[in-house]
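Sequential numbering from 1 along the given sequence is applied to the chain's residues.
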Amino acid sequence: MRITAEPLPQRQVQLEIEVEPERHNEAIEKAYRKLAPRVRIPGFRPGKAPRPLIEKQLGRQRLLHEAMEILVPDVYKEAIEEQKLDPVASPELEVLSHEPFVLKATVPLKPHVDLGDYKSLRVPRPPVSISEQRVEDTLTTLRRRYGTIEPVDRPAQKGDIIRGTISVEVDGSKLYEQSDIEYRLSDDSLRSLPGLAGAIVGLSKGADETRKVQVPEDFEDKRLAGKEVTYHIVVEEVKEERLAELNDEFAREVGEGFASLDELKDRLRSDLLAAEEDEARHAYQHEVIEALVAQAKFEYPSVLLEREIDRVLEEQANLDPRDPRAQELYISRIGKSEQEVRDEVREMAEARLRRSLVLTRFAEAENISVTHEEIDAEIDRMAASAGDQADTIRRVFGTESGHATIENTLLTRKTLERLVELASAGSPAEAPEAPKPAKKRRSAPREAGQD
């Protein structure tokens, strides 16, 4: 077997493989023996007709095609081993000649990623802190939750709850109308209807008024921008929100109860800081990965990008990757060509692919791996926190595929930890710990920023 190899751009190699005539003839003979039992020739039992008659009945091209099906897998495998190639996907194959048998194979190779001097990569890591205003804002949210809303017999003020009817006209046409609705009288809650909050302030229960408001030219809703808007307002009820009084008694009512207002504030501050640190950690990880991607040099076959595009589309449209027609049906439903749909996500897919390649190469460079003991420990941890579902967790992740999932998760986690450790070396110290809650840990209110 004679093989010539020609490197191609984008991590591909083109092989031209010429098979010896003797081996080709052997494959043709195997093809004849395979096909002969299927051919009915008068005077001969199935499979016993001479090869010339079989060839005449089927045509030589049929025999050559069947011989190719027999030859190609073995020939390609031998060529890959002889050339010491590391394919990442199936090759593109083309038969250049049947007699002699010459095969051309375009082989996509394992990506090449040069991380550069990744050990000197540094990304500043800003400290995380929580302002007292955020604590106070969270307290206000809790006070609102535990407070009351009561009808009042006075003109409406900012912050009141209004029940009534609103209609909006622009250029003589009614744009919006809603009856018997409740809304908070604030500029934020009525942002989409400019000037309405100010128009309602001062109106009392029973008011039936029309107000005209000139909308700024740069208003985001182009239907209203630069126009005079007419509001017809009917006030059926004005309610005042009365926040819960901020004291130790209030603290004892929140969640499972806190001994004092100071203890509640400490807990809120601690939970807010934990949530902020978690968000900052994810943001910093992303920033570090992007910095490493920016300095890396890549070369990879286009088939990897096309695969990633497939995955993006599967995720976006919730497609079943096992259904070969799922993507085709999805594309036909949205009324775009396949190329248009794939081009729309190409940039996102390429960014994802590059991040994945960089992390994989970094893990290799740092000799990061996951042991069986670590996988078992992670499954134990998950089962311990699953309560009644512990047996289900062990059953699901005790399989070979389950172990592979856990291994991939742990490998990603360890890789990110090491990358962050390198990139943050010399960064400012983390923010000091928030005051610790009381010894007996109580459930924090959801408003504290936890998911």
Side-chain angles (χ1 to χ4, degrees), residues 11 77 80-81 84-90 107-116 118-119 121 123 125 274 277-293 296 298 300-301 303-305 307-308 310-312 314-315 320-322 349 351-425 430 450-451:
R11 290 293 290 165
K77 181 180 178 183
I80 291 299
E81 291 174 352
K84 296 181 173 58
L85 301 179
D86 189 10
V88 292
S90 299
V107 186
L109 301 178
K110 182 180 178 180
H112 175 74
V113 181
D114 180 1
L115 298 178
Y118 72 87
K119 288 185 181 292
L121 178 70
V123 177
R125 187 172 191 172
E277 286 175 339
D278 189 58
E279 183 177 337
R281 182 173 64 255
H282 285 93
Y284 183 73
Q285 286 176 350
H286 181 77
E287 188 176 354
V288 170
I289 294 170
E290 292 302 308
L292 188 55
V293 168
F298 299 87
Y300 50 83
V303 65
L304 293 187
L305 177 55
R307 280 183 183 174
E308 193 63 34
D310 288 338
R311 280 192 282 268
V312 171
E314 287 163 7
E315 292 169 11
D320 183 354
R322 296 166 298 181
R352 283 184 16 166
L353 175 61
R354 285 170 174 254
R355 287 194 291 268
S356 176
L357 293 175
V358 151
L359 289 176
T360 299
R361 181 68 191 96
F362 178 81
E364 292 172 352
E366 289 291 305
N367 296 313
I368 300 172
S369 61
V370 176
T371 65
H372 292 298
E373 291 75 16
E374 288 173 321
I375 294 173
D376 291 339
E378 181 68 8
I379 294 175
D380 288 342
R381 185 195 65 76
M382 293 168 61
S385 63
D388 295 340
Q389 299 299 312
D391 289 342
T392 301
I393 292 293
R394 292 189 183 280
R395 185 170 62 253
V396 170
F397 290 102
T399 63
E400 184 176 344
S401 63
H403 272 224
T405 299
I406 297 295
E407 180 181 13
N408 186 60
T409 299
L410 291 177
L411 184 61
T412 300
R413 185 188 303 167
K414 293 173 73 172
T415 300
L416 287 174
E417 287 172 355
R418 176 57 181 153
L419 179 56
V420 165
E421 179 186 7
L422 279 177
S424 61
E430 294 289 330
Q450 292 182 322
D451 291 331

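Between Ile406 and Met382, the closest heavy-atom pair is CD1-SD, 3.6 Å. Residue Leu292 comes nearest to Leu419 through the heavy atom pair CD2-CD1, 3.9 Å, listed as atom of the first residue, atom of the second, then distance. Smallest separation of non-hydrogen atoms from Ile393 and Ala383: CG2-N, 4.0 Å.
Each ring pair (Phe, Tyr, Trp, His ring centres under 6.0 Å) pair with one or both residues in residues 373-408, not counting sequence neighbours, would appear here, but there are none.
Applying the side-chain contact (heavy atoms from CB on, under 4.5 Å) criterion to Ser90, with sequence neighbours excluded, gives no partner residue. With sequence neighbours excluded, no residue satisfies side-chain hydrogen bond (donor to acceptor under 3.5 Å, both in side chains) with Glu417. For Arg307, the side-chain hydrogen bond (donor to acceptor under 3.5 Å, both in side chains) criterion is met by no residue, not counting sequence neighbours. Under the rule for a side-chain hydrogen bond (donor to acceptor under 3.5 Å, both in side chains), the partners of Asp310 that lie at least two apart in sequence or sit in another chain are Gln327, Arg342.
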Show me the donor-acceptor pairs within less than 3.5 Å that the side chains of residues 364-374 make with the rest of the protein, sequence neighbours left out.
{"unit_1": "Glu366", "atom_1": "OE1", "unit_2": "Arg418", "atom_2": "NE", "d": "2.8"}
{"unit_1": "Glu366", "atom_1": "OE1", "unit_2": "Arg418", "atom_2": "NH2", "d": "3.4"}
{"unit_1": "Glu366", "atom_1": "OE2", "unit_2": "Tyr118", "atom_2": "OH", "d": "2.5"}
{"unit_1": "Glu366", "atom_1": "OE2", "unit_2": "Lys119", "atom_2": "NZ", "d": "3.0"}
{"unit_1": "Thr371", "atom_1": "OG1", "unit_2": "Glu374", "atom_2": "N", "d": "3.1"}
{"unit_1": "Thr371", "atom_1": "OG1", "unit_2": "Glu374", "atom_2": "OE1", "d": "3.4"}
{"unit_1": "Glu374", "atom_1": "OE1", "unit_2": "Thr371", "atom_2": "N", "d": "2.9"}
{"unit_1": "Glu374", "atom_1": "OE1", "unit_2": "Lys414", "atom_2": "NZ", "d": "3.2"}
{"unit_1": "Glu374", "atom_1": "OE2", "unit_2": "Lys414", "atom_2": "NZ", "d": "3.0"}

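Taking the side chain as every heavy atom from C-beta outward, Leu416 and Val288 never approach each other to under 4.5 Å. The shortest side-chain heavy-atom distance between Tyr284 and Ser424 falls under the 4.5 Å cut-off. When side chains are defined from C-beta on, Glu378 counts as touching Arg413, because their heavy atoms get closer than 4.5 Å. Put simply, the side chain of Leu304 does not reach to within 4.5 Å of the side chain of Pro108, judged on heavy atoms.
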Residues Arg354, Glu308; criterion salt bridge (Lys or Arg N to Asp or Glu O under 4.0 Å); working and verdict: CA-CA 10 Å; Arg354 285 170 174 254; Glu308 193 63 34; over 6 Å; no
Stepwise side chain to side chain contact (heavy atoms under 4.5 Å, CB included) test for Leu422 and Leu121: CA-CA 7 Å; Leu422 279 177; Leu121 178 70; over 6 Å; no
Step-by-step side chain to side chain contact (heavy atoms under 4.5 Å, CB included) determination, Asp114 to Phe298: CA-CA 7 Å; Asp114 180 1; Phe298 299 87; over 6 Å; no
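Annotation: Glu279, atom CD; neighbour count of heavy atoms from other residues, nucleotides and ligands within 6.0 Å does not exceed 12. Other residues, nucleotides and ligands place more than 12 heavy atoms under 6.0 Å from the CD atom of Glu81.
Using a 4.0 Å cut-off between a side-chain N of Lys or Arg and a carboxylate O of Asp or Glu, Asp380 and Arg394 qualify as a salt bridge. By the 4.0 Å N-to-carboxylate-O rule, Arg311 lies too far from Glu314 to be salt-bridged with it.
Atoms OG1 and CG, on Thr360 and Leu411 in that order, are 7.5 Å from each other to the nearest 0.5 Å. Atom CD of Glu287 is separated from atom CZ of Arg125 by 10.5 Å, given to the nearest 0.5 angstrom. Taking CD of Gln389 as the reference point, atom CZ of Arg395 lies at 9.0 Å (rounded to 0.5 Å). Note: Arg361 CZ to His112 NE2 = 8.0 Å, rounded to the nearest 0.5 Å. A distance of 7.5 Å separates CG in Leu109 from CD1 in Ile80, rounded to the nearest 0.5 Å. Here CZ of Phe362 is found 15.0 Å from CG of Leu357. Values are rounded to the nearest 0.5 Å.
Under the 6.0 Å distance and 45° angle rule, Arg11 does not count as a cation-pi partner of Tyr300.
At distances below 3.5 Å, at least one donor-acceptor pair connects side-chain atoms of His282 with backbone N or O atoms of Asp278. At distances below 3.5 Å, at least one donor-acceptor pair connects side-chain atoms of Thr405 with backbone N or O atoms of Ser401. The main-chain N or O of Arg352 is never found under 3.5 Å from a side-chain atom of Ser356 such that the two would form a donor-acceptor pair.
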